[in-house]
Every structure is written in structure tokens, then in C-alpha cells.
Amino acid sequence: MRKQSFLQGAMVLGAAGLATKGMAMMIQVVVARELGAQGFGLFQTINPLFYLLLTISTLALPPALSKVLAENIAIGNLAKARRAWRLSNGTVLVISAAVCLFALAFAPEIAAKWLDARATLPFIGALFRIPVVCLSSVMTGYYMGIQNQTPPAVAWIVETAVRTMTTIPLVIAFSPHGIQYGALAVMIGAGLGEAAGYLFMLSRYLARDRKAMEHAVQAASSSTQANASVQGTARDLVQIALPNTITNITGIVAFAAEPVIMYLAFAKIGIPKSQATALYGAFGMAMELLFLPTVLSSALSSVVIPAVSEAAALRNGALVTRRLNQVIQATMFLALPATVFFTLSGHDLATSLYNVKLAGDILAYVAPTCAFLYVLDPLSAVLQGLNKAAISTLISLVTSAIRIGCIYYFVGIEREGIYGVATAVAIAGIVSTVISVYFVRKYVHLWVNFLNVGKMLIAAALASVPIRETQVALHSLSPSLQVAVSGIVGLFTYLVAAIYLRVVRVEQLERIPVFGTVLVSVLAKMPFVSSHNTAR
């Protein structure tokens, strides 16, 4: 079974994430323009309940499977790895089918009580996606566990391509009949895409990887494998999955409670539900853009769980520390330029994509907290890899309560409107990151190269100059052109400054799939850039 290096796997997933995000943005733009802020707000109210049902259906088995596979493959216990894979598939298939049927039976009552009345149809459409998403997640967990990230990466691209090709024409065709039908079209397109992605991974597994696993198990002969039992395998999965499930449910419940509390807070200051839905839709647009770069930090998080689990199973504390510090440095390298770009160009970005000025205002308002929000996922992944998921549950409980409380306080009492929701998100993110850093440092030597971080800050500050000057020079042109030109100029300036300050090496950029070679060929024309440029 093919295994990729830590950074190689992260780069593969990151490149796939960028490609899929680009296609997903096309869908979001069409939805925003066809359905408006009200339609976007409708999705914001459906998603929490959908993800709650999805969390119950998967029981956090995909990350648990990746961890169990990585640990047992590292010590040669392949029979147990195979058993965990089969057990995970059977479990999610049964539970997801039961949850789907139960939710379908009570869908009208659920929609009437918890959702906007127009959300009933798209909610029912979303329910049919649950079994496919669950099986696809377990398949992804399998490939993460054997540390071969290419099949999931290709599957995500296939999924998003099919989703884009089906969703856009469906939304355009359905939206004249009302936003509920436009929302239903999005759910149908999403389901078709998810099915295509899963079928790709399943065909790859059946054609190649199943035989490799069977041959590896037959070739291995150890007493550990002989004594492996279903009960023992299930226990290992549950020990990891149960705390993660509690954490996820806590987060989703808080996510589901967020619009409820928001509606109450807005009602307290005299804003009706329909207007609040539109405001929440603008907030959702801003958050979609703000978390766009997290496709890269999420890629790091996905590969860090099995990588840390493998290092911990081999009792290699130095490797665990190295993985953590690599993740922190890489996340900061992404977060700082994103902060600058969203702060300076957030208004134009949201206007050009969604034609909603409020979304740009919210984006620029929250942008200074990017570094805290982006680094949270990798820190949580390290805790899971170290089998400390219960700590993540505690952190999630605390910060979810803070977020919900802050929403009501800043919206209903301080009367900050939708900016109060944004303030609550920023505060909860900062608190969660600080607490996560505290706990991670108890188990891993967290070493931060502050000199490198300082150099990144300088590079980001230098990038802000051409971004601002480009905006001034092109102020008479369309916002989309301003965003495109200022983004390219700013990113190029940041990379050149980072290489010059020896934050990143040219050969590291060259490893980026698809774009790396082209990027390096352009940067190589700079007088001080060379292949032997060195940095930590």
C-alpha cells in the first residue's frame, strides 16, 4: 500500500482543496445572485441540523479509523487494521440508514419547529445525502490511515466538479419557482457530487487497495494479529470516536442554537425574522470567504492525525514535536497574508462575488482574527492524534457557551446587530485557540520560531503596500478586477519577501502540486532567488 510523506500528503490535499474551493465558489456566487441573502440565510439555518444528523450517523468513526489504521500498520498488526475498516463501514451504513429514515418521517415537524417554513423541501433533499456522505467519510478515513492522500484528493475534485456541473443549471432552472426550490436544487447537486466522489474511491479500493490489504494480511504472521478480536477492535475505535462524537455534537448543537439565539436577540431589538435571515445570510457569505484559506490548514489537520498517531505508537516524541511545529509554522505562513488581504480587499471581494456590500464589511471586520481561527483545527487534530480528544470536548463546551452567550449579549443587549454575531465568533475563536495551545503544551514540546513569525509579519506588511496602491490605481475599474490584480500582486510580493527573508525555500514551493513549478519559474527570475536559498 502506497504511503506518502507528511508534507507531501498535506500538499496534495491542499492543492485539491484549492481546486474544489474554486469550483465551490462558483456555486456560491450563483446561489447568492439567484437566491439573494435570504436564500443564503436559509442554508445557514438548514446546515446545523443536517450536520448534527451527519455527526450522529458517522459517530466520528472516520478520524478514529485513520488513527487505528495508522497505529496498527506502524506496529505490523494488519489483521486488526482490516477488521477496523470493515467494522467502520458496517456501523455507519446501518446507523446512517436508520437516522435518514427517522428524520424523513419527522421532517415536516422538524422543519416547522426549528427552521424557516421555506426550508422543508431542501431539508428533505439534504437527508438523502447522509448515507452516501457517511460511507464516503469512512473511505476517506481509510486512505488517511494508510497515509495515501491522493485518492481522497482526486475524489474531492470529482465530487466538486460533478456538483458544479449539476447544481448551477439546476439552481437557475428551479429558482424562479421560489428560493425553497432553488435551495432544493443545491441539495440535489450536492448529493450527485458526493455520490460521484464516493464511487470513485470505492472503485479505486476494489480495483487495487483491497487486494493489497488482503495480501499484506496473509503475508504477516504475528501473535498480535492472531489474538486480535472484534471486541478489541471496536473498543479501540470507540475510545477515539466517542470523545470526538461528543465534541462534534457539542459543536453542532451550539451551531444549531446559534440561529435560534440570533433570532431571539434580533427580536429583542425589534428586527423581524425575515430581515434577520437576510443579515445572517450576509454573515454566512463573509464567513465562507474568511475560511477559504482553511482548505490548506484543514489539509494539514487531516494528515496530522494519522502522522501523530503513528509517531506516538512508535514512541517517537521528537517526531510528534516536529509534526506539530511544522503545522503551526505552515498555518501562520497562510494566516498572515490572508489577514492583510481580507482586511484591505474584503469589501471588493464580497461585492464582486456576491454583490452584497454588508458581507464585505463583516469580512473586513473579522479578518484581524484570521491567525487564531486558522490555527485552531491543527491544534485540535494534534490532541486527537495523541488520544486526548476528551480535552477537545471540554474546549468545545466552554467556547460554544461563550459564543452563544456573546451573540445574545452583543446583538440583543449591546445592539450591535449582525456585527455582534461576528464579534462573538472572533472572541470564541481566540479563546478556543488560547486554551488549545495551553493543553497541547502539556503533552508536546511546542516550539515556535518567533524569528520566523516576525519575518512573516514583515513580509505580510510589505505585501499590504502594493495591495493598497493597486486598489488606489484601479479605483475606477470594477471591484472584481481590483481584487484579482491586488491579490496576485500582494501574493507575489509576500512570496518574494518570504524567500528573501529566508522564511521559505524555493524547493519547498516547487513541491506544490500543479502550480509549484510555474510559480518557481517566475520567482527564479528575481536576482536573489536561487535553488540553494536556505531557511529553516
Side-chain angles (χ1 to χ4, degrees), residues 1-4 8-9 12-13 15-17 19-20 54 57-74 76-98 100 128-163 165-166 190-221 225 228 230 233-234 236-237 241 299 302-303 305-306 513:
M1 294 177 290
R2 184 186 170 197
K3 176 180 174 181
Q4 294 171 322
Q8 183 185 15
V12 167
L13 291 179
T20 56
L54 194 61
S57 300
T58 60
L59 293 177
L61 282 172
L65 174 63
S66 71
K67 186 175 187 300
V68 170
L69 284 175
E71 289 175 345
N72 286 282
I73 290 173
N77 194 347
L78 299 180
K80 191 170 185 179
R82 180 182 60 177
R83 186 172 289 113
W85 156 241
R86 293 176 173 176
L87 189 60
S88 298
N89 266 293
T91 302
V92 299
L93 180 60
V94 172
I95 295 178
S96 63
C100 182
F128 288 100
R129 296 164 49 195
I130 290 177
V132 176
V133 175
C134 290
L135 290 171
S136 181
S137 298
V138 171
M139 188 71 76
T140 300
Y142 165 79
Y143 281 112
M144 294 297 178
I146 66 173
Q147 299 185 52
N148 180 8
Q149 285 78 24
T150 299
V154 176
W156 291 341
I157 294 174
V158 170
E159 172 190 329
T160 312
V162 172
R163 179 184 296 194
M165 290 186 294
T166 56
L192 293 173
E194 286 153 356
Y198 172 65
L199 289 175
F200 169 81
M201 283 192 289
L202 180 62
S203 63
R204 162 66 185 257
Y205 171 77
L206 293 175
R208 293 181 55 182
D209 298 304
R210 181 177 63 174
K211 294 179 181 178
M213 173 69 84
E214 296 294 337
H215 292 161
V217 172
Q218 291 172 6
S221 57
Q225 290 178 170
V230 174
T233 306
D236 288 349
L237 288 169
S302 298
V303 298
I305 293 177

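If you read the sequence from its start, that first residue is 1, and numbering goes on from there.
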Item checked: Partners passing side-chain contact (heavy atoms from CB on, under 4.5 Å) against L199 (at least two apart in sequence or in another chain) -> none
Next item on the list: Considering non-hydrogen atoms only, spot the tightest contact between G141 and L69 and give its length.
Entry: O-CD1, 4.2 Å
Checklist line | Check: T140 and W156 side chains under 4.5 Å, non-hydrogen atoms | finding: yes
Next item on the list: Determine which pairs satisfy salt bridge (Lys or Arg N to Asp or Glu O under 4.0 Å) with at least one residue from residues 132-143, sequence neighbours left out, and list them in order.
Entry: none
Next item on the list: Locate the shortest heavy-atom distance separating A84 from V68; write the atom from each residue and the value.
Entry: CB-CG1, 3.9 Å
Notebook entry, point to check: Who passes side-chain contact (heavy atoms from CB on, under 4.5 Å) against S137, sequence neighbours left out?
Noted result: P62, V133
Notebook entry, point to check: With sequence neighbours left out, what residues match Y198 under side-chain hydrogen bond (donor to acceptor under 3.5 Å, both in side chains)?
Noted result: none
Next item on the list: Look at the aromatic rings of W85 and Y142 and report parallel, tilted or perpendicular, splitting at 30° and 60°.
Entry: tilted
Check: Which heavy atom in C134 sits nearest to a heavy atom in S96, and how many Å separate them?
Finding: SG-CB, 3.7 Å
Next item on the list: With rounding to the nearest 0.5 Å, note down the distance linking CG in L59 to CD1 in I95.
Entry: 4.0 Å
Note to self: Counting C-beta onward and ignoring hydrogens, is there a side-chain heavy-atom pair between L135 and V92 closer than 4.5 Å?
What the structure shows: yes
Notebook entry, point to check: For A195, which residues count as a side-chain contact (heavy atoms from CB on, under 4.5 Å) partner, sequence neighbours excluded?
Noted result: V132
Margin query: Can you give me the closest heavy-atom contact between Y143 and R204, atom names plus distance?
Written below: OH-CG, 3.2 Å
Notebook entry, point to check: Would you say the side chain of L93 lies within less than 4.5 Å of the side chain of P131, judging by non-hydrogen atoms?
Noted result: no
Check: Nearest 0.5 Å, what's the CG-OG1 distance between L65 and T58?
Finding: 12.0 Å
Notebook entry, point to check: Any salt bridge (Lys or Arg N to Asp or Glu O under 4.0 Å) pairs touching residues 145-160, not counting sequence neighbours?
Noted result: E159-R163
Note to self: Using the side-chain contact (heavy atoms from CB on, under 4.5 Å) criterion, which residues pair with A64? Sequence neighbours excluded.
What the structure shows: L237, I240, A241
Checklist line | From SG (C100) to CG (L54), nearest 0.5 Å | finding: 11.0 Å
Check: salt bridge (charged side-chain N to carboxylate O under 4.0 Å, His left out) with R129: which residues, sequence neighbours excluded?
Finding: E194
Next item on the list: Measure across A155 and M201 and return the closest heavy-atom pair with its distance rounded to 0.1 Å.
Entry: CB-CG, 3.5 Å
